[in-house]
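Let me begin by presenting the structure, written as structure tokens, before commenting on it.
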Amino acid sequence: MIFYFSSTGNDKYAAARIAESTKDTIYSVSGCMHDGHFSYTLKEGENFGLVIPTYFGGFPNIIIDFLEKLDIQWPDRNYVFFVGTYGANCGNIGQEAFRRLEKLGRKPDAAFTIKMVDNWNPYFNMNDKDYISKAESEAESAIGDVVQKISNHVKTDIPAKNMPTILQAFSTRLYHSYCKTRKFAVSSACISCGLCERQCPVNAIKLKDKKPVWVKPECTLCLGCVHRCPVNAISYTKKTVGHGQYFNPNTEPDIR
Ligand SMILES: Cc1cc2nc3c(=O)[nH]c(=O)nc-3n(C[C@H](O)[C@H](O)[C@H](O)COP(=O)(O)O)c2cc1C
Ligand code: SF4
Ligand code: SF4
């Protein structure tokens, strides 16, 4: 049983690659949240995995909410792993994973991180083809390495900190302040397809008069609406304008 959260496909692809090797079933956290599926019973020896992106050096808000709701019946014996994807610096996501998964009732056996394309397009330019192809090819071998370790039930210690605690606390505060939906804007290119509304994992977007309106003051800041709009009509601050869109070419977007 592998849970993943993914706005631009990196974690969906990583989870699928792991599941292909371990024969586990994969579940989308967005789908579980949408359908209200929070109770799961693991079979004896069945893996439990969580595969998620790094946001500001830590967990996306939606995953914290999900883990609070999740009710797992653990078997006597199984392998519990965490994978955090990231683009530049994974911060302290590995320690956070150990802390949060232990609260679910089982100390994790391993935490891994995988460097992939950084979809934070307020800074990274998705039109930079050299960056994208280099990051995708390096990710490919990093995924292969992690797949092998997970398939062999390799155990790890709690990962070392990449960021001093004080800096991590500042980064988390910054994340919360950046989650304000008033920072999104829609251009006249919008064709009223409604995809942004359907794919938002926290239902923060509604079409009104055929244009998207952010109906919640805050969201989880996955940037899925920005990256997946078919006509690139959504921006998140002026910094994303001209920085293009990204979706991992090895997988398909989840559509509700
Ligand atoms: C809100 C937000 C914050 C992010 N923060 C970090 C970060 O602190 N460090 C980092 O290396 N990458 C960061 N990223 C990049 C993602 O972790 C990375 O691109 C991830 O692989 C995306 O996964 P996905 O395609 O499954 O959504 C951030 C992305 C977003 C949207
Ligand atoms: S996804 Fe883009 S084109 Fe479709 S409704 Fe949203 S903003 Fe408009
Ligand atoms: S509003 Fe956009 S960035 Fe925020 S959670 Fe929804 S899809 Fe993600």
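Atoms within a ligand are numbered from 1 in the order they appear, just like the ligands themselves.
- More than 12 heavy atoms of other residues, nucleotides or ligands sit less than 6.0 Å from atom CD of Glu102.
- Counting the atoms of ligand 1 from 1 in the order shown, those under 4.0 Å from a heavy atom of Pro53 are 17 (O), 20 (C), 22 (C), 23 (O).
- Between Trp74 and Phe48, the two ring planes are perpendicular [angle over 60°; tilted spans 30° to 60°].
- Ring orientation note: the planes of Phe3 and Tyr40 are nearly perpendicular, at an angle over 60° on the 30°/60° scale.
- Comparing heavy-atom distances from atom 19 (O) of ligand 1 across Val117, Asn162, Leu223, Asn92 singles out Val117 as nearest.
- Only backbone heavy atoms of Cys222 (N, CA, C or O) come within less than 4.0 Å of ligand 1; its side chain stays farther off.
- Below 4.0 Å from some heavy atom of Pro230 lie the following atoms of ligand 2, by number and element: 1 (S).
- By the neighbour-count criterion of 12 heavy atoms within 6.0 Å, atom NZ of Lys180 is densely surrounded, having more than that number from other residues, nucleotides or ligands.
- Residue-ligand proximity, Asn89 to ligand 1, at heavy-atom distances under 4.0 Å covers atoms 7 (C), 8 (O), 9 (N), 10 (C), 11 (O).
- Set against the non-hydrogen atoms of Pro212, the atoms of ligand 2 under 4.0 Å away are 7 (S).
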Walk me through it: do Arg17 and Asn250 pass the test side-chain hydrogen bond (donor to acceptor under 3.5 Å, both in side chains)? CA-CA 10 Å; Arg17 285 283 310 276; Asn250 301 303; over 6 Å; no
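- For ligand 2, the atoms lying closer than 4.0 Å to a non-hydrogen atom of Gly194 are 4 (Fe), 5 (S).
- Ranking the protein heavy atoms by distance from atom 4 (Fe) of ligand 2 puts Cys193 SG, 2.3 Å first.
- Take a cut-off of 2.8 Å around atom 2 (Fe) of ligand 3: the protein N, O or S atoms inside it are Cys225 SG.
- Of all protein heavy atoms, the one lying nearest to atom 2 (Fe) of ligand 2 is Cys229 SG, 2.3 Å.
- Scanning all protein heavy atoms for the shortest distance to atom 8 (Fe) of ligand 2 gives Cys190 SG, 2.3 Å.
- Near Val231, meaning under 4.0 Å from one of its heavy atoms, ligand 2 places the atoms 3 (S).
- Counting atoms of ligand 1 from 1 in the listed order, those under 4.0 Å from a heavy atom of Gly9 are 25 (O).
- Short contacts between ligand 3 and Gln199, defined as distances under 4.0 Å to a heavy atom of the residue, involve ligand atoms 7 (S).
- Close approach to Thr220 involves these atoms of ligand 3, each under 4.0 Å from a residue heavy atom: 5 (S).
- Of all protein heavy atoms, the one lying nearest to atom 24 (P) of ligand 1 is Asp11 OD1, 3.3 Å.
- Those atoms of ligand 1 that come under 4.0 Å of a heavy atom in Gly87, given as number and element, are 10 (C), 11 (O), 12 (N).
- Remark: minimum distance from atom 3 (S) of ligand 2 to any protein heavy atom is reached at Ile191 N, 3.3 Å.
- Put simply, no part of Asn248 is less than 4.0 Å from ligand 1, judged by heavy atoms.
- Taking each of Thr54, Asn10, Thr251 in turn, the one with a heavy atom nearest to atom 13 (C) of ligand 1 proves to be Thr54.
- The Thr85 neighbourhood of ligand 1 comprises atoms 17 (O), 20 (C), 21 (O), 23 (O), with distances under 4.0 Å to a heavy atom of that residue.
- Between Phe56 and Trp120, the ring-plane angle classifies as perpendicular under the 30° and 60° cut-offs.
- Side chains of Asp254 and Tyr4: a donor-acceptor N/O pair is present below 3.5 angstrom, by distance only.
- Using a 4.0 angstrom heavy-atom cutoff, Gly91 does not count as in contact with ligand 1.
- The cationic atom of Arg100 (NZ for Lys, CZ for Arg) lies less than 6.0 Å from the six-membered ring centre of Phe59 and within 45° of the ring axis.
- Side-chain atoms of His34 and Asn203 include no donor-acceptor pair closer than 3.5 Å.
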